[in-house]
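Residue numbers start at 1 and run along the sequence shown.
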Amino acid sequence: MFAKNKGFSGQVNPVDFIISIVVVLIIISAVAIPTIQDILNSSGITGISNTVLSVIPTFLALLALVMIARGI
């Protein structure tokens, strides 16, 4: 009844892997981090909330590094 995907057994083409790494890095470094930083700067949050929220861009950058190291 359902077709089985016999050719897909968890293997990733190296070219597809490199392309996915580049796309993830562009999205995180060029879109996510600057957008979050701009929102935090214009929100006017002060005190401990500002301290806690200001580490979000750092955690996104670390997430990107971990994804690259583990092979997504």
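- Shortest non-hydrogen contact noted between Ser54 and Leu40 is CA-CD1, 4.0 Å.
- Of all the heavy atoms in Ser29 and Pro34, the pair that sits closest is O-CD, 3.4 Å.
- Cluster membership for Ile27 and Leu60, using ILVMFWY side-chain heavy atoms within less than 4.5 angstrom, is not shared.
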Requested in this report: Under the side chain to side chain contact (heavy atoms under 4.5 Å, CB included) rule, what do Ile68 and Leu25 come out as? Steps first, then yes or no, please.
Outcome: CA-CA 9 Å; Ile68 292 169; Leu25 287 177; 3.6 Å; yes
Q) Would Ile21 and Phe17 count as a side chain to side chain contact (heavy atoms under 4.5 Å, CB included) if you check the C-alpha gap in whole Å, the side-chain angles of each, and the deciding distance to 0.1 Å? A) CA-CA 6 Å; Ile21 294 271; Phe17 175 72; 3.7 Å; yes
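- Ile48 and Val55 fall into different hydrophobic clusters, defined by Ile, Leu, Val, Met, Phe, Trp and Tyr side-chain heavy atoms under 4.5 Å apart, directly or through other members.
- Tracing side-chain contacts under 4.5 Å through hydrophobic residues (I, L, V, M, F, W, Y), one never reaches Leu65 starting from Val22; they form parts of separate clusters.
- Linking Ile, Leu, Val, Met, Phe, Trp and Tyr residues whenever their side-chain heavy atoms come within less than 4.5 Å places Ile36 and Leu63 in a single cluster.
- Of all the heavy atoms in Ile45 and Ser49, the pair that sits closest is CG2-CB, 3.5 Å.
- Leu53 and Ile28 fall within the same hydrophobic cluster, defined by Ile, Leu, Val, Met, Phe, Trp and Tyr side-chain heavy atoms under 4.5 Å apart, directly or through other members.
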